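Here is the structure we will look at.
These numbers were taken from a predicted model, which means no experiment stands behind them.
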Number of protein chains: 4
Amino acid sequence: MRTTNVQDQVLRAALDLFSTQGYATTSVQEIVAAAGVTKGAMYHYFSSKDDLLFAIYDRLLSLQKARLDEIVARGAERGDAVEDVLRAVCEDVVATSIEFMPEGTVFTRSQHMLMPDRQAEVKRRRREYHEEFEALLRRGIDEGVFRGDVPTAMLIAHFFSDVHYLSQWYSPDGPLTAAQVAEQLTELFLRSIGRAPGED
Amino acid sequence: MRTTNVQDQVLRAALDLFSTQGYATTSVQEIVAAAGVTKGAMYHYFSSKDDLLFAIYDRLLSLQKARLDEIVARGAERGDAVEDVLRAVCEDVVATSIEFMPEGTVFTRSQHMLMPDRQAEVKRRRREYHEEFEALLRRGIDEGVFRGDVPTAMLIAHFFSDVHYLSQWYSPDGPLTAAQVAEQLTELFLRSIGRAPGED
Amino acid sequence: MRTTNVQDQVLRAALDLFSTQGYATTSVQEIVAAAGVTKGAMYHYFSSKDDLLFAIYDRLLSLQKARLDEIVARGAERGDAVEDVLRAVCEDVVATSIEFMPEGTVFTRSQHMLMPDRQAEVKRRRREYHEEFEALLRRGIDEGVFRGDVPTAMLIAHFFSDVHYLSQWYSPDGPLTAAQVAEQLTELFLRSIGRAPGED
Amino acid sequence: MRTTNVQDQVLRAALDLFSTQGYATTSVQEIVAAAGVTKGAMYHYFSSKDDLLFAIYDRLLSLQKARLDEIVARGAERGDAVEDVLRAVCEDVVATSIEFMPEGTVFTRSQHMLMPDRQAEVKRRRREYHEEFEALLRRGIDEGVFRGDVPTAMLIAHFFSDVHYLSQWYSPDGPLTAAQVAEQLTELFLRSIGRAPGED
DNA sequence: TATGAATGAGGCTTCATTCAT
DNA sequence: GATGAATGAAGCCTCATTCAT
């Protein structure tokens, strides 16, 4: 393993507290107390509170990018229909977002508290991610299986809004499993972007 | 007039700063400076910084509730089809949310920073709002025009996610007008919840 | 009076502690404790610890410039010989520097701890001061009463080195009065820059 | 060799940083980074940050003392006139101080940051040095070649002020060589302390 | 000899709020 | 109604030094 115990404990505590109380409302003191380490030890590994926040973003962005890349690559390898690839992508994003809901909560709420340069990096990586997603949409549109009368930017927003909104309503203790939510949200999305029967 | 100049100036400044920099990052000093009033004057009208935040929520929630009530009432009065009423509601919510985007930004980002009791009130009023929206959905399902195979909670989330996500991507300087976005997002939503051709 | 009690007390305490222990070694806590005010009150009037340091510099620089201006102006008014004007200037600088020795100590030791822009301002104002002093030297050289074989920059340094060095050796409790020191150091300086008997 | 590489590197880095940024503003971390060694290694050779500062003083004091002793001894050996010996001493001090300007800068600025006992030692060695210098002055006064109407303490201060002030104005990139400065400052000093024509 | 993670005390600053006027 | 000086608690971060390896 590459990360020491201190790093792990601190990140775990930070994630927990940030997602629960918010970034601004959580003090470094609380974090180190929850992690069971001293402030000095924490600052040995992280150069600022902002660093902790970014580390959380970084992990989430990396993870999602890797999964997207992998699913797209696998689909290409197998020659899957674009609709099937997109469905796999969407279901995976939703399921992963549920699995990493605390990260997602922090992501949505606290992006504006990152240092400007880091905020820019997050935006850049998010844009890259969206572009890969858009490529699938565009291919579907070209192939005539997705509707072409709505800007792709809006279609992208339409899907990712669901992903970001999960933490506002979904609870793992509720009646729906993550898989069900993933399947149903994906189905709603796909139905809304499908070529309508009479469409040209 | 009901509100004095001080109240207006302060709320305007607070909204501007909270939506731009975030609630936690904005000091009371900055707000009063931007509003051109003194701290004492501000504290004469608002009992705390939290009060300012809540006032912003209050206005937005009242506004949206009033508009929803009005549209539903008008639809009932005219005996409009439920699909038409829902369309009107959705388009209005989107358009209004664009018009009040700063409020929406604050709403999404800073809800967790409100005092607990106020947070509870916001949740309650939001729930009431959603219940009125759900009534429309349920009526449509009962009438057989909307699909019944997806929980209404998910359909609600599916729509309001778009509304909350607007500030993440929409810019009034872009190619799309607010009306176009309202119409297109509504259309995407309605298509996804409509009874499918072969559905029972 | 323009300054409140808090400002006065704080500056007095800061001057005392900075000159005694050094700027870096003195904590804001110590200053406010010595001044008998709270930290918050201090930060109401001074925006940083650096501000305190600069305030000390500012007062000293303003004072010295004002005195120099006045003496030069008076000399011009009365048509005094340049040597007499220079003597008056030098004696005054030395005497004033003894009177404000704590300020001078801080000045010498802690200039490099000022924020860069303030350091630049101090340098600028010091240069202006030196230029006015240099004008006297130059006039004396032109009139043939001061030697012309040594760069004025060195003559300036030769005199002000004595001024800065006072705090290293002079004590008001010693055998020499401030006036005596002023007169003797001035005499040493004037003798060293006078035209030598056989000089051309 | 007596000093290991680590010691040399660390002292070199410390001198550079202390003279540039000041002692208090320089962290041990910066020093070891600049020296290319680790903290542990540094603390193996130096017991504290204060130790580094003192080592710089120690070297400078030893050097200057050695040179003074040597020049005085040589003068005695050759039976040189006191004025010639003093001239040699002064020119050497100035030239050496220019050569070791960083050390001098640190010396002037940071003496008050040494631990009390070390500060006392520095003062003691400085005093010894001055006493040897004073002996020359006194001899000259007794021989009637230097003026006797000014306390020797002031004459000493008058000379060493120039030495300490060098770093405030002299730059090796300027028009004057170190030798020229040494000669001219010495000449100014000697002229000011010489017996005046009409003096008794 | 040397490493570098960890300590723990202390530093500077911010800020929502109060209160005498 | 309105002022703005003052409070006091808390916040983030730095750093010289130690110590197990």
Measuring only between side-chain heavy atoms, which start at C-beta, is D:Gln9 closer than 4.5 Å to D:Met42? no
Within a strict 4.5 Å, meaning less than it, do heavy atoms of the A:Leu52 and A:Leu11 side chains meet?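 The answer is yes; the side chains approach within 4.5 Å.
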Heavy-atom closest pair, residues [X] and [Y]:
X        : Y        : answer
A:Ile31  : A:Ala13  : O-CB, 3.7 Å
C:Leu17  : C:Ala34  : CD1-CB, 4.1 Å
C:Ser167 : C:Thr105 : CB-OG1, 3.4 Å

Answer with base, sugar-phosphate or nothing: what part of the nucleic acid does D:Phe46 contact at a heavy-atom distance below 4.0 Å?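 Nothing, no heavy atom under 4.0 Å.
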Bracket notation of DNA chain F in which parentheses pair within the strand, [ ] cross earlier pairs, and | pairs with another strand (Watson-Crick or G-U, under 3.5 Å): .||||||||||||||||||||
What is the distance, rounded to the nearest whole Å, between atom [atom1] of [X] and atom [atom2] of [N]?
X       : N      : atom1 : atom2 : answer
D:Gln7  : E:dA2  : CD    : C1'   : 14 Å
D:Asn5  : E:dA2  : CG    : C1'   : 14 Å
B:His44 : E:dC19 : NE2   : C1'   : 15 Å
D:Gln9  : E:dA2  : CD    : P     : 13 Å

Residues forming a ring-ring contact (aromatic ring centres under 6.0 Å, His included) with A:Phe107, sequence neighbours excluded: A:Tyr57, A:His164
Under the ring-ring contact (aromatic ring centres under 6.0 Å, His included) test, which residues partner D:Phe46, sequence neighbours left out? none
Please list, in numerical order, the residues of residues 107-120 of chain B that have a heavy atom closer than 4.0 Å to any atom of DNA chain E. none
Can you measure from [atom1] ([X]) to [atom2] ([Y]) and round to the nearest 0.5 angstrom?
X        : Y       : atom1 : atom2 : answer
D:Leu63  : D:Asp58 : CG    : CG    : 11.0 Å
A:Ile56  : A:Leu61 : CD1   : CG    : 12.0 Å
B:Glu103 : B:Gln64 : CD    : CD    : 9.5 Å

Of the listed nucleotides (F:dT3, E:dA6, F:dA6), which one gets closest to any side-chain atom of B:Thr38? F:dT3
Listed pairs under 3.5 Å, donor-acceptor, residues 112-122 of chain B side chains, sequence neighbours left out:
unit_1	atom_1	unit_2	atom_2	d
B:His112	ND1	A:Arg109	NE	3.4
B:His112	ND1	B:Arg109	O	3.2
B:Arg118	NH1	B:Asp50	OD1	3.0
B:Arg118	NH1	B:Asp51	OD1	2.9
B:Arg118	NH2	B:Asp51	OD1	2.6
B:Glu121	OE2	B:Arg125	NH1	3.1

The answer to which of C:Ala41 and B:Ala41 contacts DNA chain F further toward the 5' end, by nearest nucleotide, is B:Ala41
Would you give a per-nucleotide map of nucleotides 11-16 of chain F, 5' to 3', where B means the base has a protein non-hydrogen atom under 4.0 Å away, S means only the sugar-phosphate does, and - means neither? SSBBSS
